[in-house]
Amino acid sequence: MLLNDPKWNESSVLAPNDKTFRQTQYLRPVLDQIHHNPAAEIMCHARGRTGILSLGQGEGDVSTPDFITEAGIDALRAGKTFYGPPLGLPEMRRTLSDYYRDVFGFDLPPERMVLTPSGTAAMHLAMMAVCDKDDEVIAVTPLWKNLLCAIQLQEAHTKEVCLRENGGSWSLDLQELFDAVTPITRAIIINSPNNPTGWMMDTDDMRTIMEFARERGIWVISDEVYGRMAYGIRRAPSFLDVADPDDRLIVINSFSKNWAMTGWRMGWMVVPEEAEKRIYDLVLYDYLCPQAFSQFAGMQALRNGEAFLSSQMAWYRQARDIVYDRFAQWGNIVSTPPDATFYAFFRVEGEESCFNLCRRLIDEAGLCLAPGCAFGKEACGYVRMCFAVSEPKLLDALGRLERVVRR
Ligand SMILES: Cc1ncc(COP(=O)(O)O)c(C=O)c1O
């Protein structure tokens with residue numbers, strides 16, 4: 001369905017199985033359903049225009065630091081261009097295990113580490129591993145659309161449980177989450193720290209959810225991609241803090257955000273030891289193995305990337321202050337500074353449609369941001385801006401935004 005279709009509305013992120021979606025009937029109908037993506041439509045609206053400034057995507061403008069890139073180049077030169085083990089190089093899996101020991105204080109064996117060709121790929125693997133057609137998956141939204149699509153591609157049913165906004169801050173009602181669970185619920189997907197809201201779950205809530213899931217035999221799929229991007233603390237709470245080794249828990253992670261490596265396509269997951277052999281098969285028959293040379297860059301990032309990460313976080317904190325000082329001056333922006341992540345997620349008083357606002361920002365100010373309606377029901381009306389860019393770019397973006405939204 002195209003967005004100028006009168007049937008479209010901002011809450012149709014999880015598009016119903018509607019015949020009007022069938023533009024490619026010779027392919028699986030689910031592909032027509034996932035085709036609908038308001039964020040991609042906004043990008044299309046901006047494409048081809050001159051002078052566009054985009055803070056709509058989930059990445060900063062700093063390229064991968066040299067010490068990481070060099071390790072990848074050295075690996076290529078050293079002939080690391082062959083197939084490798086499906087779950088990642090043994091050295092990489094050990095390095096991941098060491099990283100969890102050094103940064104998180106966990107004792108997790110390398111056998112639980114699975115190196116994947118991105119965090120996104122890890123989520124697809126997790127869904128393939130736990131979900132069958134017609135299972136139900138509870139997604140705590142707002143949630144990045146690609147994660148919602150991983151559920152849809154399994155032809156499982158998505159049930160959204162929404163974070164609620166109050167005065168610009170977001171929270172989760174645990175009772176609402178538990179009430180949503182039915183006998184066909186197979187998994188709960190949670191992304192904390194959360195893209196796009198910046199909300200972060202505390203350890204007590206994680207413990208309560210893990211206990212509930214354990215009792216019901218439900219999987220928890222925890223996307224912790226922004227776990228190192230919490231302000232004022234070295235790392236955010238993790239479900240691994242509260243889980244037993246054999247709990248039905250898969251933790252998704254990525255090199256993309258921490259070490260400015262979005263283009264390397266590398267992530268990982270932590271799985272229960274018992275699942276290792278089956279995940280091995282899944283990978284073997286899906287993509288065979290992750291790329292070899294990037295793993296050498298990844299190991300550098302894990303071993304020596306703390307200083308880079310700290311300097312990035314120091315800038316994000318300043319950038320966050322710049323953004324929220326401006327918002328306070330304008331007086332019509334509803335949002336509170338995020339506890340984590342590099343996103344400002346806000347609504348403008350009196351602006352009903354985030355999609356129309358994002359189009360106007362492009363038309364009137366050449367600024368491309370992401371519409372909240374791409375992230376689930378409760379996110380309609382909000383706009384996401386990634387502030388992980390240089391100061392001049394950020395100030396330019398804020399100037400453009402002000403021109404359109406300040407009354
Ligand atoms: C919550 C969340 N999970 C996963 C990813 C994807 O990470 P990767 O680049 O490793 O695919 C993103 C990217 O924006 C994200 O926001």
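Order of listing sets the numbers, starting from 1, for every ligand and every atom in it. Below, each value reflects all heavy atoms present in this structure, side chains not excepted, and no hydrogens, waters or symmetry copies. Numbering of residues begins at 1 and proceeds along the displayed sequence.
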Looking only at protein heavy atoms, what sits closest to atom 5 (C) of ligand 1 is W144 CZ3, 3.3 Å
Where does F255 meet ligand 1, judged by heavy-atom distances below 4.0 Å: at the side chain, the backbone, both, or neither? neither
Nearest-contact summary for atom 7 (O) of ligand 1 - protein heavy atom, Å: S254 OG, 3.9 Å
Would you say G58 touches ligand 1, if touching means a heavy atom closer than 4.0 Å? no
Polar proximity ligand 1 side, N191 side, N/O cut 3.5 Å exclusive: no
Looking at R359 and E364, is there a salt bridge between them, counting it only when a charged N and a carboxylate O are closer than 4.0 Å? no
Heavy atoms only: give me the nearest W199-L163 pair and the separation to one decimal. CE3-CD1, 3.6 Å
Relative to atom 2 (C) of ligand 1, which among I189, N195, N146, D223 owns the nearest non-hydrogen atom? D223
Check each atom of ligand 1 against the heavy atoms of Y226 and keep those under 4.0 Å away; list them by number with element. 1 (C), 2 (C), 14 (O), 15 (C), 16 (O)
Think R317 forms a cation-pi with Y231, using NZ or CZ under 6.0 Å from the six-ring centre and within 45 degrees of its axis? no
With a cutoff of 4.0 Å, is T262 in contact with ligand 1, counting heavy atoms of the residue only? no
When you check the gap from the basic side-chain N to the acidic O, do R248 and E274 get nearer than 4.0 Å? no
To check you understand the geometry: which heavy-atom pair defines the closest contact between R320 and P337, and what is its length? CD-CB, 4.0 Å
Do E59 and K257 sit within salt-bridge range, that is, some charged N less than 4.0 Å from a carboxylate O? no
Identify the protein heavy atom lying closest to atom 9 (O) of ligand 1, giving its residue, its atom name and the separation to 0.1 Å. S256 OG, 2.7 Å
May I ask you to decide whether D363 forms a salt bridge with R49, counting only side-chain N to carboxylate O separations under 4.0 Å? yes
If you take the nearest heavy atom of each of M261, Q57, K257, which one is closest to atom 13 (C) of ligand 1? K257
Can you tell which part of R265 has a heavy atom less than 4.0 Å from ligand 1: side chain, backbone, both or neither? side chain
So the atoms of ligand 1 within less than 4.0 Å of a heavy atom of S118 turn out to be 10 (O), 11 (O)
Kindly confirm or rule out an N or O of G119 lying under 3.5 angstrom from an N or O of ligand 1. yes
If you measure from each non-hydrogen atom of T120 to ligand 1, which part falls under 4.0 Å: side chain, backbone, both or neither? both
Would you call R216 and E211 a salt bridge, taking side-chain N to carboxylate O under 4.0 Å as the test? no
Measure the shortest side-chain to side-chain distance between Y226 and N195 over non-hydrogen atoms and say whether it is less than 4.5 angstrom. yes
